[in-house]
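Below: one structure, written as structure tokens.
Just so you know, ligand 1 is whichever comes first in the structure, and atom 1 is the first atom listed for that ligand. Quick caveat: nothing in here was measured; it's all calculated off a predicted structure.
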Amino acid sequence: MSTPTVGVLALQGDVREHLTALESVGARALTVRRPAELTAVDGLVIPGGESTTIDKLLRIFELRDLLQTRIKEGLPVYGSCAGMILLADRILDGTADQQTVGGMDVVVRRNAFGRQVDSFETDLDVVGIADAGSGDPVRTAFIRAPWIEEAGRDVEVLARIPAVDTQGRPVAAAGRIVAARQGPLLATAFHPEITGDTRVHGLFVGMVAGG
Ligand SMILES: NC(=O)CC[C@H](N)C(=O)O
């Protein structure tokens, strides 16, 4: 594949930042709102936003069944934050009627970091991008983020919340899984697209291109 075409699900959430990040790592990036657009892409990003809203809009825009089918056929998908919730097979603390698209054998806890820490930035080691001790961690932003509470056997854990913060203070959520991969599916609890660090998008575009 020469230049992969990667769609960004554009029903709700921070679409533009993903389009910019994808283009900066060499993909052709476009918005996806219609079934024909979803059929045409080589890979898809589900952005952060509000997972209950994206869930409802997926059904209204008649994209949900098609997305599930394309995921079963092996479409590479990267879900960030709300996108991670939508990729999870199981969800904790969702609303009563909330559904996910599924595909990843994980249990995700929605709004897991709690109200008092709605939003924070941190540096993370991420397997294959900024391995532990490389000294070049990924700058990440967590915004009312979920975490992965359980991951199945076929899920590769890519990042966990570190034991201490940058000031050396212990972190309550230490050890929680915040990035994972299962075959062509990639999920991060954080938003890499708003800190200007494009390496997660680079990893995903490499997956789309056959890596
Ligand atoms: N930044 C985000 O995507 C937040 C996700 C949001 N808390 C949800 O449940 O969907």
Side-chain angles (χ1 to χ4, degrees), residues 6-22 29 31-33 43-61 63-64 67-68 71 77-104 106-124 126 138-151 158-161 171-173 176-182 185-201 203-204:
V6 179
V8 179
L9 188 66
L11 304 177
Q12 191 260 338
D14 67 332
V15 173
R16 190 183 310 171
E17 292 83 352
H18 281 287
L19 293 170
T20 307
L22 289 165
T31 55
V32 166
R33 283 193 198 87
L44 182 75
V45 172
I46 307 178
E50 179 49 55
S51 56
T52 56
T53 304
I54 298 175
D55 166 38
K56 286 195 190 97
L57 292 174
L58 274 170
R59 280 176 267 166
I60 291 169
F61 281 69
L63 290 168
R64 186 171 186 274
L67 180 53
Q68 279 184 322
I71 287 174
V77 181
Y78 165 39
S80 164
C81 202
M84 177 168 107
I85 295 170
L86 284 152
L87 280 182
D89 281 347
R90 289 171 302 281
I91 175 177
L92 300 172
D93 294 340
T95 59
D97 60 347
Q98 182 172 6
Q99 291 177 19
T100 70
V101 174
M104 279 187 98
V106 295
V107 180
V108 159
R109 186 176 293 279
R110 184 165 168 255
N111 298 335
F113 288 89
R115 254 162 237 241
Q116 74 281 18
V117 223
D118 282 346
S119 180
F120 62 96
E121 287 196 17
T122 190
D123 291 334
L124 284 182
V126 182
V138 178
R139 186 75 187 162
T140 61
F142 288 74
I143 304 166
R144 285 191 70 73
W147 66 44
I148 293 177
E149 193 136 325
E150 285 170 42
L158 300 183
R160 291 178 187 270
I161 294 288
V171 176
R176 292 296 184 180
I177 302 168
V178 289
R181 177 177 175 177
Q182 183 176 359
L185 303 180
L186 176 69
T188 65
F190 51 83
H191 296 256
E193 74 285 358
I194 62 173
T195 52
D197 193 321
T198 57
R199 288 176 289 170
V200 174
H201 291 81
L203 171 72
F204 181 60

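The salt bridge (charged side-chain N to carboxylate O under 4.0 Å, His left out) test applied to Arg59 returns Asp55, not counting sequence neighbours.
For the salt bridge (charged side-chain N to carboxylate O under 4.0 Å, His left out) condition, the pairs that include at least one residue of residues 187-199, sequence neighbours left out, are Asp136-Arg199, Asp197-Arg199. Applying the side-chain hydrogen bond (donor to acceptor under 3.5 Å, both in side chains) test to every pair with at least one member in residues 6-17, sequence neighbours left out, gives no pairs at all.
Checking side-chain atoms of Thr195 against main-chain N and O of Arg139 turns up a donor-acceptor pair under 3.5 Å.
For the pair Asp93 and Arg110, the salt-bridge criterion is not met [side-chain N within less than 4.0 Å of a carboxylate O].
Protein residues having a heavy atom under 4.0 Å from any atom of ligand 1 are Gly48, Gly49, Glu50, Ser51, Cys81, Ala82, Ile85, Arg110, Asn111, Ile143, Arg144, His191, listed by chain and number.
The aromatic rings of His201 and His18 sit tilted relative to each other, their planes meeting at an angle between 30° and 60°.
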